[in-house]
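Working notes, beginning with the structure itself.
In what follows, every heavy atom counts, from backbone to side chain, and hydrogens, waters and symmetry copies are set aside. We're numbering straight along the sequence, starting at 1.
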Amino acid sequence: MKSKIFAIAAMAVLALAGAGRAQGCSRVLYVGEDDLRIVGRSLDWKTPIPTNIYVYPRGMKKVGNTQPGSVEWTSKYGAVYAVGYDGGVTEGMNEKGLVVNGLFCKGTVYDNDSTLSRPPMSLAMFPAWILDLCADTPEAVALLSKHDFNISGATFDGGTVSALHWGITDAQGRSAIVEFDHGVIRIYQGQDIQVLTNDPTFPEITAINNYWVNKGGTHTLPGTVSSPDRFVRASFFVNNVRKTGDADLGLSIIRTVLFNVSVPYEYTVEGEGNVSSTQWRSFSNIRDRRYYFDVVTNPGIFYVDLNKCDLRPGASVMKLDVAKSSDYLGDVTSKLFKTEPFTPMY
C-alpha cells in the first residue's frame, strides 16, 4: 500500500512539474512560542492587481450581492481587509484574530443545479462575511457548512474567472481549508494547517507533499514556481525554522520563508505568457493583531495595528492608499483616512 501511494504521488509530481502556469498565491502559517502565529501570503498574478487596505468597524449592515434575496448581515466584529481593485475582499483579519485568505484554485466549481436557488453571495464579499460574523474557525465552519448561499462573482482582468479556495486560521491555530467541488463544499480541518498554494485540491497536493517529506528535504527539494513545488518548499522550511515568541523575529522568519516560495518580480518563461510574479505579500500577526503589507516594489514593509483602530459601531470606515505607500515603513495606522465603503464588484 505504501509503495502504491508513493507511486501515485510520484506520477502526480511528474505531471504537475511540467505545468508552466504559476497563476496563484502561497499561504504559510508560522507557529512560534507564546501563542505567536503569523499567517503569511503572497499574491502572484500576471497583471497588476491594485490592492488597498480598509478597516471596517462593527455594526455595519451589508449584503452579499445586489440580486433579490441576497445574503444580508450586520457585522459583529471589526476587521482589516485587503481589497483588490477597490472592489473585492481578497483576505483579511478580524479583531478576534480570525484570518481568511483566498487563493486561486483552477478546479473550483461553485454551483450545481441544487445551489442555484439559494441566496446569492458574491465572491467580492464572501471573505468579509466570514470575518464579520465569526470569532473563530469552528464558527466559520459552522456558518459555511449550512451552505445556505450560492456563490458567484464578476470576472476580471479581461474575463478571468475567480476560481478560489480559502485558508482559515484562528487565534488558537484551529485551521480549515475550504474548497468547492461542483457545488459541494469540502472543508478540511486540523490544528495549525501550515501551507496552502493553488491546484490541485488540498488532499491531492498533501499527498504530493507527503512523498517529498519521506524523501527528506535537507538535500533535495523541488525548485520550480509551480503550485506543488511551492507547497513542498514552504512546508519543509516552515517546519524546520526556529520557534520564537518575539514578534519581530517571527515576522523575519516567516517573511523569508515566503520569499523562498515567491515568484521573482518580472520573471517570465519564453512561450508562456501566464507565468505570474509576486506583487505583494501580507503577514497577519494573529496574537498581536497586526496586519503587515509588503509591496515588492517598495523598499520597506508596513503594518496596521488593529488595537489602535476605532472599531466601535458607528465609527468611520478607514482606508490606506497602497499606491502612495512607497515611503511607508513600520506602523502606518495613523495614515489611515476616513472613506466611503468600497463598492463591491458583484
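Glu72 and Lys62 are not joined by a salt bridge, as no carboxylate oxygen comes within less than 4.0 angstrom of a charged side-chain nitrogen. By the 4.0 Å N-to-carboxylate-O rule, Arg290 lies too far from Asp288 to be salt-bridged with it. In this structure, Asp86 pairs ionically with Lys319, as a charged nitrogen and a carboxylate oxygen lie closer than 4.0 Å. Taking the charged nitrogens against the carboxylate oxygens, Asp331 and Lys308 do have a contact shorter than 4.0 Å, which makes a salt bridge. Salt bridge absent: Arg118 and Asp111 never bring a charged side-chain N and a carboxylate O closer than 4.0 Å. Salt-bridge formation is detected for the pair Arg174/Asp136: a Lys NZ or Arg NE/NH1/NH2 atom is positioned less than 4.0 Å from an Asp or Glu carboxylate oxygen.
Here the closest heavy-atom approach between residue Pro200 and residue Ile205 is recorded as CG-N, 3.9 Å. Contact between Gly78 and Glu95 at its shortest, heavy atoms only, is N-OE2, 2.6 Å. Across Asn285 and Ile38, no two heavy atoms sit closer than the pair CA-CG1, 4.1 Å.
Grouping the Ile, Leu, Val, Met, Phe, Trp and Tyr side chains by contacts below 4.5 angstrom, directly or via other members, places Phe259 apart from Trp45. In the hydrophobic cluster analysis, where Ile, Leu, Val, Met, Phe, Trp and Tyr join through side-chain heavy atoms closer than 4.5 angstrom, Ile49 is grouped apart from Val296.
Using the six-membered ring where Trp is involved, Tyr188 and Phe202 have ring planes that are tilted, between 30° and 60° apart. The aromatic rings of Phe293 and Phe302 lie tilted to each other, with the angle between the two planes from 30° to 60°. Between Trp166 and Tyr110, the ring-plane angle classifies as tilted under the 30° and 60° cut-offs.
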Q | Full working for side-chain contact (heavy atoms from CB on, under 4.5 Å) between Val141 and Glu139 | A | CA-CA 5 Å; Val141 169; Glu139 288 188 8; over 6 Å; no
Q. Would Met60 and Thr74 count as a side-chain contact (heavy atoms from CB on, under 4.5 Å) if you check the C-alpha gap in whole Å, the side-chain angles of each, and the deciding distance to 0.1 Å?
A. CA-CA 5 Å; Met60 293 189 67; Thr74 299; over 6 Å; no
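The distance from the CG atom of Asp44 to the CG atom of Asn198 is 7.5 Å, given to the nearest 0.5 Å.
With respect to Tyr292, the ring pair (Phe, Tyr, Trp, His ring centres under 6.0 Å) criterion is satisfied by exactly one of Phe283, Trp280, Tyr303: Tyr303. Here the rule is side chain to side chain donor-acceptor pair (under 3.5 Å) with Tyr81, and of Asp132, Thr51, Asn94 only Asp132 fits it.
Counting only residues at least two apart or on different chains, the salt bridge (charged side-chain N to carboxylate O under 4.0 Å, His left out) pairs with a member in residues 244-257 are Arg255-Asp294.
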